[in-house]
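Below, all heavy atoms of this structure are taken into account, side chains as well, without hydrogens, waters or symmetry copies. A, B, ... follow the sequence lines: proteins, then strands. Residue 1 opens every chain.
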Protein chains: 2
Amino acid sequence: MTARQPRPTEVLEGHIGYLLAKLGALSSSRMDAELAPFGINRMQFGLLKILDAAGPGSQQALSGDLGMPPSRMVALVDDLEDQGFVARERSSSDRRVNEIRLTREGRAVLARANKAAVRWQDELLVDLSAPERNQLVELLRRVTARHLGGGAVHDHS
Amino acid sequence: MTARQPRPTEVLEGHIGYLLAKLGALSSSRMDAELAPFGINRMQFGLLKILDAAGPGSQQALSGDLGMPPSRMVALVDDLEDQGFVARERSSSDRRVNEIRLTREGRAVLARANKAAVRWQDELLVDLSAPERNQLVELLRRVTARHLGGGAVHDHS
DNA sequence: TATTGTTATACTCTATAACTATA
DNA sequence: TATAGTTATAGAGTATAACAATA
């Protein structure tokens with residue numbers, strides 16, 4: 001509790017990596033909190049968004065998209081399926097694959113969750129003007145494109 | 001491996017939180033990799049920087065500064081002490097407190113580690129012009145000040 | 001033999017809470 | 001009784017590897 005001076009961490013804020021890590025962690029935990037009322041976490045939110053944008057896909061494809069091991073998809077999809085947000089159907093052409101598709105309920109919850117996500121984003125950027133927000137997003141996208149642009153974005157710490 | 005289309009995650013990049021989380025994770029893991037040759041991780045790097053800027057302090061004060069529980073400091077400082085980068089001295093006025101101070105070796109390794117950190121930052125921002133880099137840092141600092149500015153910056157996922 | 005999805009295991013990280021020594 | 005530091009424990013998250021079904 002005995003933090004010193006005004007702000008000893010100020011010296012760290014010169015490092016953009018520090019700012020990115022801190023804001024990333026804040027944003028992640030807050031996103032999870034915002035999404036919790038809808039029964040999903042930010043990974044599942046991303047999953048629903050991809051399904052919505054790219055159409056149905058196998059768990060392998062999805063795990064490739066999200067850059068996570070297939071084993072991790074199981075619980076994620078289990079939970080979405082239990083809540084009726086996605087449907088798992090054995091592909092007729094290749095019965096090994098699970099074809100995952102968004103249900104009507106899934107599309108509905110995605111719409112509501114998306115609103116919450118946008119609301120939180122607005123709150124995060126409340127101090128920036130509209131042009132500044134666009135500038136920030138554009139700069140971050142350029143950095144992202146260079147360093148994570150190749151294919152799926154991996155965590156792989 | 002069977003990631004679909006050009007980049008299905010593109011739909012996620014409209015969310016600044018996604019970009020921040022991904023870049024934060026990338027930056028963190030890369031920082032650890034850059035610092036590993038010096039025998040420290042990014043937390044210890046931050047610790048050394050704070051000691052350098054604010055002078056010696058107790059473990060409590062440091063843990064307050066960094067926003068982590070005192071128990072976590074122990075191993076962090078143990079390791080730094082083993083390598084001779086900091087000295088732990090029982091305070092004479094209150095023998096419960098450990099006064100942590102930077103050693104000469106600590107100051108030397110900090111200087112070298114800092115160069116590596118700056119080099120990585122330059123690489124991260126390689127596609128941005130000098131004014132753009134300044135703009136990005138300034139925007140991030142303003143967002144940080146609003147949402148994490150109060151005191152110590154907590155992780156607390 | 002290779003691949004999809006699943007399950008089991010093991011490892012890392014971290015917070016919480018007991019414990020000690022000082023005050 | 002309260003506080004600084006330490007140790008112990010327990011939980012979450014996650015990757016890796018074994019496994020079953022299908023190709």
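Regarding B/D65, its CG atom lies at a distance of 14 Å from the P atom of D/dA4, rounded to whole Å. The CG-C1' distance, from B/L76 to C/dT14, rounds to 12 Å in whole Å. One atom, CD of B/Q60, and another, P of D/dT6, lie 10 Å apart when rounded to the nearest Å. Rounded to an integer number of Å, the gap from CG of B/D78 to P of D/dT6 is 7 Å. Atom CD1 of A/I100 is separated from atom C1' of C/dT6 by 13 Å (rounded to the nearest Å). One can place CG of A/D79 at 15 Å from C1' of D/dG13, the figure rounded to the nearest angstrom. Per the geometry, CG belonging to B/L62 stands 12 Å off P belonging to D/dT6, to the nearest Å.
In this structure, B/N134 has no side-chain contact (heavy atoms from CB on, under 4.5 Å) partners at least two apart in sequence or on a different chain.
Of the residues in residues 81-98 of chain A, A/D94, A/R95, A/R96 come within less than 4.0 Å of DNA chain D through at least one heavy atom, sorted by number.
Within the structure, no pair that satisfies the ring-ring contact (aromatic ring centres under 6.0 Å, His included) test touches residues 63-110 of chain A, not counting sequence neighbours. Counting only residues at least two apart or in different chains, ring-ring contact (aromatic ring centres under 6.0 Å, His included) contacts with residues 20-60 of chain A comprise A/F45-B/H15.
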Which atom pairs, one a donor and one an acceptor, fall under 3.5 Å between side chains of residues 50-57 of chain A and the rest of the protein, sequence neighbours left out?
| residue | atom | partner | partner atom | Å |
| --- | --- | --- | --- | --- |
| A/D52 | OD1 | A/R107 | NH1 | 3.0 |

Could you tabulate the donor-acceptor pairs under 3.5 Å formed by side-chain atoms of residues 110-120 of chain B, not counting sequence neighbours?
| residue | atom | partner | partner atom | Å |
| --- | --- | --- | --- | --- |
| B/N114 | OD1 | B/K49 | NZ | 2.8 |

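For B/S71 and C/dT14, a side-chain-to-base donor-acceptor distance below 3.5 Å is absent, hydrogens and geometry of angles not being considered.
OP1 and OP2 of C/dT4 both lie 4.0 Å or more from every side-chain N or O belonging to A/Q59.
A donor-acceptor pair is defined here as one N or O able to donate and one able to accept, closer than 3.5 Å; no such pair exists between the side chain of A/E132 and the backbone of B/L139.
Listed nucleotides C/dA15, D/dT6, C/dT4 differ in distance to B/R72; the shortest reach to its side chain belongs to C/dA15.
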